[in-house]
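Okay, structure first, notes after.
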Amino acid sequence: MISALIIGGGGYIGSSVAYYSHARNWDSVIVDNLSTGHADLAANAGCLLVEADLRDRQKVFALLQKCKPDIVLHFAARSLVAESVAAPSMYYGNNVVGTINLLDAMLASGVQNIIFSSSAAVYGIPHEIPITEEHSLLPISPYGWSKMMIEMMLADYSRAYGLQYVSLRYFNAAGAIPGAGIGERHEPESHLIPNILRSMLRKDGKVFEIYGNAYSTADGSCVRDYIHVEDLARAHIQAAQYLLDGGESTAVNLGNGKGYSVLDVIESAKRKLGSNIPYNIKPPRSGDPAVLVASAEKAGRILDWKPLWVSLDDIIGSAWEWHRKDCE
Ligand code: UFG
């Protein structure tokens, strides 16, 4: 049986992975400071929750010493680009300093394996689509820099101390596992699909807003690669297995390899909801690249992974089912 410490397992992606690890009979424990994570999501994942903050170095050392898991899966991070521009200290303190504590505690306890939750934000404004892992790394926000710095730390700790890691660079996580009571819940919400769906559930008359319609894309709105959270979860399980089987440390993109514009997403949601979705056009959000689409070739080759949720309508349908219940 694989034992895992799932740091940040009270969040949207962390709890989805925790749920899948539990379903595979892993002995998984969730650690979360509950600043943006949720105790009910951790409970729905079927895992024990330990409340701790990675910035509490002593506590993290004690926790690793006690658990000594086969593998750590690290999701704990602040993850809003705009917030990171306004409050970089929070991002470097929480994401980078917290991770230094975690890695040092792993070394002190002899824990060698870690799956790290990275992001397409490490690429900045891409000069080539689809984006492969060899694309240059040039983030454009403190959030992106914090993820890139951690990737660099992992590489250095690996060279110096033999730490084994896989950095998984997510494109746009979407959808939910409504049957398990797991889905996306951020306050405030900034992501596209939840904002569209919540605008339809809201009773205050506030309509959905599109940030920019003059990008150099086919319809002028931004293009993203939406990947179902269940596919992300399976990729983590496979990445963990890959590391535990002696696979080399590396970074891997996780995306569908297909781009959809904001207007495509609205059209898809319309089909799913069977109703019109009113919207207003607003100025572009600062720091939004026009197009982000992954090459998922490496994930297929190295992790034997491919997305099973290939229809955007189905991805949005699962999110709709979750938000309808969660907003009751
Ligand atoms: N958008 C809107 N209206 C909204 C919300 C979003 O038009 O209410 C647009 C955005 O401008 C963007 C697209 O929808 O063009 C997707 O936006 P999201 O906020 O859903 O996702 P992002 O692409 O901004 O963010 C994702 C990850 C981040 C990561 C970032 C890298 O969620 O963690 O990619 O650029 F940092």
Side-chain angles (χ1 to χ4, degrees), residues 8 11-14 36 75-85 88 91 94-95 116-126 129 131 135 137-151 167-175 184-186 188-202 206-229 232 253-256 259-269 277-294 312 315-316 319 323:
Y12 167 47
I13 303 174
T36 55
F75 301 90
R78 291 271 167 178
S79 63
L80 299 177
V81 171
E83 184 182 60
S84 78
V85 174
Y91 276 69
N94 195 81
N95 298 4
F116 171 59
S117 185
S118 189
S119 166
V122 296
Y123 297 115
I125 308 278
I129 297 290
I131 305 172
H135 189 285
L137 306 185
L138 192 54
I140 52 169
S141 68
Y143 167 70
W145 282 111
S146 75
K147 291 286 175 183
M148 190 186 125
M149 285 176 188
I150 295 168
E151 286 204 18
S167 291
L168 296 174
R169 296 176 181 159
Y170 314 147
F171 281 65
N172 287 61
E184 199 163 5
R185 191 195 297 142
H186 302 115
E189 186 51 77
S190 67
H191 295 93
L192 177 64
I193 294 174
N195 273 352
I196 292 175
L197 300 179
R198 282 177 173 208
S199 78
M200 300 304 285
L201 291 164
R202 207 186 276 127
K206 208 171 153 236
V207 300
F208 169 70
E209 296 176 337
I210 295 182
Y211 304 137
N213 66 346
Y215 284 95
S216 50
T217 59
D219 65 24
S221 65
C222 284
V223 169
R224 293 288 182 273
D225 179 333
Y226 296 92
I227 178 79
H228 197 282
V229 73
L232 288 183
N253 286 340
L254 294 179
N256 249 313
Y260 292 96
S261 71
V262 174
L263 290 172
D264 290 335
V265 174
I266 292 177
E267 281 308 311
S268 170
I277 297 176
Y279 60 81
N280 291 325
I281 305 287
K282 291 284 172 186
R285 195 168 64 175
S286 96
D288 271 348
V291 181
L292 286 175
V293 178
L312 181 62
I315 293 176
I316 291 179
H323 283 290

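Just follow the structure's listing: the first ligand is 1, and inside any ligand the first atom is 1.
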**Study point:** Pair Y143-E83, side-chain donor/acceptor within less than 3.5 Å
**Key:**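 Result is no, nothing qualifies.
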Please give me the minimum heavy-atom distance between [X] and [Y], naming the atom from each residue.
| X | Y | result |
| --- | --- | --- |
| V122 | M148 | CG1-N, 3.7 Å |
| Y226 | N256 | O-ND2, 2.7 Å |
| N95 | S146 | ND2-OG, 3.1 Å |
| P289 | G124 | CG-O, 3.9 Å |

**Study point:** Amino acids contacting ligand 1, non-hydrogen cut-off under 4.0 Å
**Key:**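 For ligand 1, the contacting residues are S79, V81, S119, A121, Y143, N172, S190, H191, L192, N195, F208, E209, I210, Y211, C222, R224, Y226, V262, R285, D288, L292.
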Exercise for review: Using the side-chain contact (heavy atoms from CB on, under 4.5 Å) rule, take I316 and I196 through it: C-alpha gap first, then chi angles, then the decisive distance, then the call.
Suggested key: CA-CA 10 Å; I316 291 179; I196 292 175; over 6 Å; no
